[in-house]
Amino acid sequence: MTQAPKIPAPIVRLNDLPLSPQTHGRRFVAAMASIAAPLGATHLGARLVEVPPGKAAWPFHAHHANDEMFVILSGSGELRFGAGRHAVGPGMVAICPAGGAETAHQLIAGPAEPLRYLAISTMREPDVMEYPDSGKITVFAGAAPGGDKARRRVAASFRACDAVDYWEGEEA
């Protein structure tokens with residue numbers, strides 16, 4: 001007789017989550033912990049993110065397939081959203097729907113204290129991300145952004161200006 005797989009408890013205490021650092025240069029610094037996947041979610045992404053003062057976790061970007069929601073737990077900062085900038089603080093929620101440059105977004109911690117928030121997303125794949133500040137495009141297939149990197153079949157970033165015609169390289 002086989003035993004059913006053990007299902008994890010559906011509750012986690014945020015303060016008990018071990019944070020893992022992520023750094024790229026001086027601008028992008030964060031510590032984060034996955035929430036949804038370890039508890040069994042496959043179509044919902046959620047992570048706890050803590051960003052030091054004056055830093056951001058990720059570049060200004062837009063998802064073409066995934067919606068994101070940010071719940072600000074503590075600290076203050078700014079949400080870049082499209083062409084606008086919005087102050088954020090504890091108890092605020094920001095919704096960043098899928099789209100193009102008009103829904104590109106980035107949370108930046110204020111100068112005084114860390115910005116701590118929940119990042120929640122749909123987990124659709126494939127996804128195309130657009131980076132208006134740098135002119136890049138990233139494509140993920142096999143696992144959505146924030147998903148299991150080992151399941152990714154495609155993970156490629158390139159500058160939009162390097163795009164080729166659909167038929168280039170195909171036999172005539």
Side-chain angles (χ1 to χ4, degrees), residues 2-25 27-52 55-75 77 79-81 93-101 103-109 114-160 162-163:
T2 61
Q3 271 189 343
K6 185 178 181 197
I7 297 173
I11 297 170
V12 65
R13 187 180 310 278
L14 295 178
N15 289 337
D16 292 343
L17 294 172
L19 297 173
S20 298
Q22 170 183 289
T23 302
H24 182 79
R27 287 183 57 205
F28 304 108
V29 180
M32 56 195 78
S34 183
I35 299 170
L39 297 181
T42 57
H43 301 291
L44 176 68
R47 65 175 67 174
L48 175 63
V49 181
E50 189 171 291
V51 179
K55 307 296 182 188
W58 294 279
F60 186 57
H61 68 283
H63 294 269
H64 284 258
N66 285 289
D67 297 329
E68 289 187 291
M69 177 171 79
F70 303 100
V71 180
I72 309 303
L73 302 172
S74 63
L79 171 70
R80 289 181 65 194
F81 183 78
V93 176
I95 303 294
C96 300
T103 65
H105 53 277
Q106 179 185 45
L107 279 168
I108 304 164
L115 180 63
R116 188 172 166 99
Y117 59 91
L118 296 178
I120 302 164
S121 69
T122 54
M123 293 295 283
R124 294 186 187 111
E125 66 85 16
D127 194 5
V128 174
M129 278 93 43
E130 181 177 342
Y131 299 84
D133 288 349
S134 60
K136 290 188 314 240
I137 293 174
T138 295
V139 179
F140 285 151
D148 182 359
K149 291 179 182 176
R151 295 185 54 219
R152 291 226 175 102
R153 295 182 305 276
V154 175
S157 296
F158 54 93
R159 299 219 179 273
D162 292 333

Do Val154 and Pro126 come close enough that some side-chain heavy atom pair is under 4.5 Å? no
Ser134 side chain near Arg159 side chain, heavy-atom distance below 4.5 Å: yes
Which pair of heavy atoms, one from Pro145 and one from Asn66, lies closest together, and at what distance? CD-ND2, 3.9 Å
Regarding Arg13 and Asp16, does a basic nitrogen lie under 4.0 Å from an acidic carboxylate oxygen? yes
Does Arg153 use its side chain to pair, donor to acceptor, with the backbone of Ala143 at less than 3.5 Å? no
Which of these passes side chain to side chain contact (heavy atoms under 4.5 Å, CB included) with Thr138: His63, His61, Met129? Met129
Shortest non-hydrogen contact from Glu125 to Gly142? OE1-N, 2.7 Å
Calculate, to the nearest 0.5 Å, the distance between atoms SG and CG belonging to Cys96 and Leu107 respectively. 7.0 Å
Distance col, row Leu17:CG vs Met32:CE, nearest 0.5 angstrom, shows 13.0 Å
Where do Ala9 and Leu39 come nearest, in terms of heavy atoms and distance? O-CD2, 3.2 Å
Audit row: Leu115, Ile108, side chain to side chain contact (heavy atoms under 4.5 Å, CB included) steps and yes/no: CA-CA 8 Å; Leu115 180 63; Ile108 304 164; over 6 Å; no
Any side-chain heavy-atom pair of Phe81 and Thr103 under 4.5 Å: yes
Steps toward side chain to side chain contact (heavy atoms under 4.5 Å, CB included) verdict (Leu73, Leu14): CA-CA 11 Å; Leu73 302 172; Leu14 295 178; 3.9 Å; yes
I'd like to check Ile95 versus Asp67 (side-chain heavy atoms, cut-off strictly below 4.5 Å). Are they in contact? no
Minimum-distance pair of heavy atoms, taken over all atoms of Ala109 and Pro52: CB-O, 3.2 Å
Which class fits the ring pair Phe70 and Tyr117: parallel under 30°, tilted 30 to 60°, perpendicular over 60°? perpendicular
Exam field: side chain Asp127 to backbone Phe140, donor-acceptor pair closer than 3.5 Å: no
Hey, what do you get for CG (Asp133) to CZ (Arg80), rounding to the nearest 0.5 Å? 4.5 Å
Ala62 backbone acceptor or donor facing Glu130 side chain under 3.5 Å: no
Evaluate the side-chain proximity of Thr42 to Met123: yes if any heavy-atom separation is below 4.5 Å, no if none is. no
Is there a side-chain contact between Leu48 and Leu118 (heavy atoms, below 4.5 Å)? yes
Of the non-hydrogen atoms in Ala57 and Phe28, which two are nearest, and what is the gap between them? O-CB, 4.0 Å
Search all heavy atoms of Gly100 against all heavy atoms of His64 and return the closest pair with its distance. CA-CE1, 4.0 Å
